[in-house]
Amino acid sequence: MENPTSDASESGPNLTRSTFIVTKLSTGLPPAADPIYAQAISTDTVGLRAGEVSIPVPDGEMVAYQARPDTDAPCPVILVVQDIFGVNEHYQDVCRRLAKLGYWAIAPELFARQGDVSTMANAGEIMSQIVRRVADSQIMSDLDATLAWTGQSGLARKSEQAVTGFCWGGRIAWLYCGHNPALKAGIAWYGRLEGNTTDLQPRHPLDAAAQLRVPVLG
């Protein structure tokens, strides 16, 4: 397993563009998000271990951004789920903010197989070419793999795990709390609660609400 305390990582071996299109996180903010993130906060890495890592998943390795306190003491883990604009500088900064509070925050690039949203000019293109092609089952599996990776490191408090997500990721936060009852909490920021379903997105948070066993703040 790759060392989760390193500042950066190399992309995984034997990856092809047909498997993982995104193998490195973008820097800065995507053009399609401007001016949404015009006032983005910038948090430093003083006292942190932060940078890009690779998460093993069944079909290869998925790039992610992580930030944690600069200590070998186990930390509680928070999964940070992006909006449609990917794991850009804003979400990397969210991870650093959480790390400053004592958490190991990690944001996997959940669109890594479908395409690079950092190169797309508008939200409509991202929705049609990327978001609608991502299966909820793939997302659940990738988040499971991310928690498994942190758990194998010896640096995570396995009994203290949570998820937070924003917009598109807010919906995912609800669904992941239904998928993984071992979580301590979920925080969903303005994610979709209902809507049309597809084979790839077969249900929405309201469909799963009655079965939730994890406390969720919406």
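- Using a 4.5 Å cut-off on side-chain heavy atoms (C-beta onward), V53 and I106 make contact.
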Quiz prompt | L101 vs R97, side-chain contact (heavy atoms from CB on, under 4.5 Å): CA-CA, chis, key distance, verdict | solution = CA-CA 7 Å; L101 298 174; R97 289 181 235 169; over 6 Å; no
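- Taking each heavy atom of P202 and T197 in turn, the nearest pair found is O-CG2, 3.4 Å.
- Membership of an apolar cluster is not assigned to V46, as no side-chain contact below 4.5 Å to another ILVMFWY residue is traced.
- The two atoms that bring P69 and A99 nearest to each other are CG-O, 3.6 Å, heavy atoms only.
- Residues V134 and L110 are not in side-chain contact: their nearest non-hydrogen atoms beyond the backbone lie 4.5 Å or more apart.
- Note that CG of L79 and OG1 of T164 are 10.0 Å apart. Values are rounded to the nearest 0.5 Å.
- Put simply, the side chain of D44 reaches to within 4.5 Å of the side chain of K100, judged on heavy atoms.
- The CG atom of L48 sits 9.0 Å away from atom OG1 of T43, with the distance rounded to the nearest 0.5 Å.
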Exercise. Show your reasoning for whether side-chain contact (heavy atoms from CB on, under 4.5 Å) applies to V57 and F20.
Key: CA-CA 11 Å; V57 292; F20 282 82; 3.6 Å; yes
Self-check item: side-chain contact (heavy atoms from CB on, under 4.5 Å) between V163 and C177, worked out
Solution: CA-CA 8 Å; V163 62; C177 286; 3.8 Å; yes
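- Atom CG of L143 and atom CE of M62 lie 7.0 Å apart (nearest 0.5 Å).
- In summary, the side chains of Q82 and E109 do present a donor paired with an acceptor at a separation below 3.5 Å, with no hydrogens or angles considered.
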Quiz item: side-chain contact (heavy atoms from CB on, under 4.5 Å) between H90 and D83: does it pass, once the steps are laid out?
Solution: CA-CA 10 Å; H90 170 68; D83 62 15; 5.6 Å; no
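- Side-chain N or O atoms of R49 include none that pairs as donor or acceptor with a backbone N or O of R68 at under 3.5 Å.
- Note: I78 CD1 to I187 CD1 = 6.0 Å, rounded to the nearest 0.5 Å.
- Taking the side chain as every heavy atom from C-beta outward, M140 and I172 approach each other to under 4.5 Å.
- Of the possible donor and acceptor atoms, none in the side chain of S141 sits under 3.5 Å from a partner among the backbone N and O of Q138.
- Residues I130 and G115 share a closest heavy-atom pair of CD1-CA, 3.4 Å.
- A distance of 6.0 Å or more separates the ring centres of Y91 and F85.
- In this structure, I139 and W168 have side chains that are in contact, with non-hydrogen atoms separated by less than 4.5 Å.
- Put simply, CG on L200 and CZ on R133 are 10.5 Å apart, with the number rounded to the nearest 0.5 Å.
- Under the ring-ring contact (aromatic ring centres under 6.0 Å, His included) criterion, Y176 pairs with H179, sequence neighbours left out.
- Considering every non-hydrogen atom in both A50 and A67, the closest pair reads CB-CB, 3.9 Å.
- Taking 4.5 Å as the limit, some side-chain heavy atom of N180 sits within range of a side-chain heavy atom of L147.
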In a table with atom names and distances, give each donor-acceptor pair under 3.5 Å that connects a side chain of residues 203-218 to protein atoms at least two apart or in another chain.
| residue | atom | partner | partner atom | Å |
| --- | --- | --- | --- | --- |
| H204 | ND1 | R171 | NE | 2.9 |
| H204 | NE2 | N196 | O | 2.8 |
| D207 | OD2 | H204 | N | 2.8 |
| R213 | NH1 | Q211 | O | 3.3 |

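- Minimum interatomic distance between A145 and I55 (heavy atoms only, all atoms of both residues): O-CG2, 3.8 Å.
- In this structure, R192 CZ and W174 CH2 are separated by 15.5 Å, a value rounded to the nearest 0.5 Å.
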Quiz item: Can you list the steps and then say if R96 with E89 is a salt bridge (charged side-chain N to carboxylate O under 4.0 Å, His left out)?
Solution: CA-CA 10 Å; R96 294 193 294 271; E89 174 56 31; 2.4 Å; yes
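- Contact annotation: the side chain of V80 never approaches that of Y103 to less than 4.5 Å [non-hydrogen atoms, C-beta and beyond].
- Here the shortest heavy-atom pairing between I84 and F111 reads O-CE1, 3.4 Å.
- Around NZ of K184, the count of heavy atoms belonging to other residues, nucleotides or ligands within 6.0 Å does not exceed 12.
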